[in-house]
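Scroll down for the structure; my scribbles are underneath it.
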There are 2 protein chains.
Amino acid sequence: MSKCEQCIIRQFNALKALQKDDLVRLSGCKTTRTIKKGEVIFEEGVHVNGVFCVKEGVCKLSKLSSNGKDQIVKLVVRGDLLGQRSLISDEAANLTAVAVNDMQVCFIPKHEIIHDLSTNINFSMDMLKDMADELKLADNVIVDMAQKSVRQRLAETLVYLKNNFGEDANGFLNIMLTRDDYANIVGTATESAIRIISQFKKEGLITTEGKKIKIEKIEDLIRVE
Amino acid sequence: MSKCEQCIIRQFNALKALQKDDLVRLSGCKTTRTIKKGEVIFEEGVHVNGVFCVKEGVCKLSKLSSNGKDQIVKLVVRGDLLGQRSLISDEAANLTAVAVNDMQVCFIPKHEIIHDLSTNINFSMDMLKDMADELKLADNVIVDMAQKSVRQRLAETLVYLKNNFGEDANGFLNIMLTRDDYANIVGTATESAIRIISQFKKEGLITTEGKKIKIEKIEDLIRVE
DNA sequence: AACAAAACCTGATAATTATCATATTTTTTT
DNA sequence: AAAAAAATATGATAATTATCAGGTTTTGTT
């Protein structure tokens, strides 16, 4: 079992504010878990009772709308914490977390996090900053959802994925999502997402190879109307 | 000039966590301002350099989309703080704040808030909880925007206004918004908002008197498809 | 009270997006 | 390797929403 005080992942999230003795304590009570692609990490409405620190892999946070469709609200990546929102509000999860690819996560029990939050002002300030940043991003997503076309939102999503996940040696996006995922990110029907991706291909903005997508003209994608 | 330590408004926000001596200090450096309906409190992109505590009135937080339309992201009411998000992230405002009706606000300089945040763990935890709650609301708005029809969103907005602002002696909503505001809350064209409000009238879900709206059948509004 | 400006309203039409149907391809399972 | 299941694709059509154009009503100002 790896040790928190030697783990570099914490540099990417609020846990970086903790001192060595706190990290040693966390190491003692944390559990490490491997999660398979497609596996549910937690579901909307359940009490998570802790926080996950994502060591490897990506998961999607989504919510089931009353029309029966899932809306993906956020992608959580290596280095992110998962479940802090519910923990801080002390309530059941508002979103469902599902692994997009194989993951490795550490689970830190609620009690430990609460202890650090209420004794370490650097930690709680870091958490506060993270939450403020997330809120800004969420506000911007609201504006996009409300004001931009499906085509624009899908183009933006592709640009976002390139900027945040990068590309492999062959230029393909370093993350593979299904067309259904794309639809659930931009909030449209699966067929519509498929159609627009096909259009982007025809227009030479992207090329694809199965689920893999390569962005060919990012400037044009950014300018999509 | 009123005194923070005697002001009941702070019970409604994170300032309730402050002790008397801190409140006395705040009293000394805060400024009280009257803001007229329609007046801009701060604009997207400017550094606010402090936090507003809303003593009276309502303001809308909106963002200009690239298509030239404003999207209203949130209504800020009596008792709420305004500007905390930008302050915590230490960056320019992401949203524009405009008074929906006449307001009274107190402005507390950034330095003072930061001081309290970094020394008073109860205060920073309260702020963290508020931010977590806001993030949850924002996530839910994203889902609604992405998955519900304009008609559903408008119905939901009316229900929300009734629940959060109540009604006057004659049963009219205790907040008056323009049709343009409604359009900018649900993210649609002004004409579309007007049309749907007219439909709701025809269907007997609401009645109106100028800008004043009375909700007649809230159960049916909740069930709008 | 008269005027101007802003807000509201409605019809006609166009554009966008969803839905349904069906076929093909890819992936997973046996 | 074959079969089954899931994902992708595309056409036809319907539903939703935006846009433009022209009104009327309300509000604010002089």
Side-chain angles (χ1 to χ4, degrees), chain A residues 36-39 60 65-72 98 100-102 144-157 172 176-203 206-213 224-225, chain B residues 36-39 60 65-72 98 100-102 144-157 172 176-203 206-213 224-225:
Chain A
K36 286 251 167 63
K37 175 180 171 177
E39 202 178 315
K60 53 187 177 186
S65 178
S66 51
N67 68 358
K69 282 192 191 163
D70 255 337
Q71 176 62 32
I72 296 177
V98 175
V100 166
N101 45 38
D102 291 349
D144 283 356
M145 284 292 173
Q147 300 287 355
K148 294 190 177 168
S149 68
V150 173
R151 192 175 150 85
Q152 278 179 304
R153 269 139 55 197
L154 191 41
E156 258 188 27
T157 298
F172 290 102
M176 269 172 47
L177 299 171
T178 65
R179 302 294 194 259
D180 201 49
D181 285 332
Y182 280 106
N184 294 341
I185 289 172
V186 301
T188 192
T190 308
E191 297 96 322
S192 298
I194 289 172
R195 245 181 268 273
I196 292 171
I197 288 173
S198 297
Q199 283 172 18
F200 285 167
K201 278 199 280 188
K202 276 183 198 147
E203 294 163 20
I206 62 174
T207 50
T208 67
E209 203 171 281
K211 261 189 260 299
K212 289 190 294 181
I213 293 183
V224 157
E225 295 262 320
Chain B
K36 286 252 166 61
K37 175 180 169 176
E39 203 178 314
K60 53 187 177 186
S65 178
S66 52
N67 67 358
K69 281 191 191 164
D70 255 339
Q71 176 63 32
I72 296 178
V98 175
V100 166
N101 45 38
D102 291 349
D144 283 356
M145 284 291 173
Q147 300 287 355
K148 294 191 177 168
S149 67
V150 172
R151 191 176 150 83
Q152 279 179 303
R153 266 139 57 196
L154 191 40
E156 258 187 28
T157 299
F172 289 103
M176 269 171 48
L177 298 171
T178 65
R179 302 293 194 261
D180 202 49
D181 285 333
Y182 281 106
N184 295 341
I185 289 172
V186 301
T188 192
T190 308
E191 298 95 322
S192 298
I194 290 173
R195 245 182 268 271
I196 292 170
I197 288 174
S198 297
Q199 283 172 18
F200 285 168
K201 279 199 278 190
K202 278 183 196 143
E203 295 164 19
I206 62 173
T207 50
T208 68
E209 205 172 279
K211 261 189 260 300
K212 290 189 294 181
I213 293 182
V224 157
E225 294 264 321

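In what follows, chains are A, B, ... by sequence order, proteins preceding strands, each numbered from 1.
- Atom CD1 in B/I194 sits about 16 Å away from atom P in D/dT24, given to the nearest Å.
- Comparing B/K37 and A/D180 by the nucleotide of DNA chain D whose heavy atom lies nearest to each, the residue mapping closer to the 5' end is A/D180.
- Nearest-nucleotide positions on DNA chain D for A/A146 and A/I197 put A/I197 closer to the 5' end.
- Of the listed nucleotides (C/dT17, D/dA9, D/dT17), C/dT17 has the atom at the smallest distance from the side chain of A/T188.
- Between A/T190 and D/dT8 there is no side-chain polar atom (N or O) within less than 4.0 angstrom of OP1 or OP2.
- Within the structure, every side-chain polar atom (N or O) of A/K202 is placed at least 4.0 Å from both OP1 and OP2 of D/dT10.
- Without hydrogens or angle criteria, A/Q199 side chain to A/I196 main chain gives no donor-acceptor distance under 3.5 Å.
- Taking atom CD of residue A/E209 and atom P of nucleotide D/dA9, one finds them 13 Å apart after rounding to whole Å.
- Proximity of a side-chain donor or acceptor of A/D102 to a complementary backbone N or O of A/K37 within less than 3.5 Å is detected.
- For the pair B/R179 CZ and C/dC8 C1', the interatomic distance rounds to 7 Å; values are reported in whole Å.
- At the heavy-atom level, B/S198 lies under 4.0 Å from the strands shown only through sugar-phosphate atoms.
- One can place CE of A/M176 at 11 Å from C1' of C/dT27, the figure rounded to the nearest angstrom.
- Atom CG of B/N67 is separated from atom P of D/dA18 by 10 Å (rounded to the nearest Å).
- Rounded to whole Å, the distance from CG on A/L177 to P on D/dT8 is 10 Å.
- The minimum heavy-atom distance linking B/M176 with B/V100 is given by the pair O-CG1, 3.9 Å.
- For B/Q152 and C/dA18, the CD to C1' distance is 14 Å, given to the nearest whole Å.
- Among the protein residues, B/K69 comes within range of the sugar-phosphate backbone only, with heavy atoms under 4.0 Å from sugar or phosphate atoms but none that close to a base.
- When the side-chain nitrogen and oxygen atoms of A/S192 are compared with OP1 and OP2 of C/dA18, one or more of them lie within a distance under 4.0 Å.
- Each of A/R153 and A/G210 lies near DNA chain C, and the nucleotide nearest A/R153 is the one positioned closer to the 5' end.
- Under a 4.0 Å N-O distance rule, the pair B/D144/B/R153 does not qualify as a salt bridge.
- Between the side chain of B/R195 and the base of D/dT19, a donor-acceptor pair under 3.5 Å is found.
- Atom C1' of nucleotide D/dT16 and atom CD of B/E225 are separated by 15 Å, given to the nearest angstrom.
- For D/dA7, the OP1/OP2 oxygens have no side-chain nitrogen or oxygen of A/K211 closer than 4.0 Å.
- For A/E191, the side-chain atoms get nearest to C/dA21 when compared with the rest of D/dT17, D/dA18, C/dA21.
- The main-chain N or O of A/Q152 is found under 3.5 Å from a side-chain atom of A/S149 such that the two form a donor-acceptor pair.
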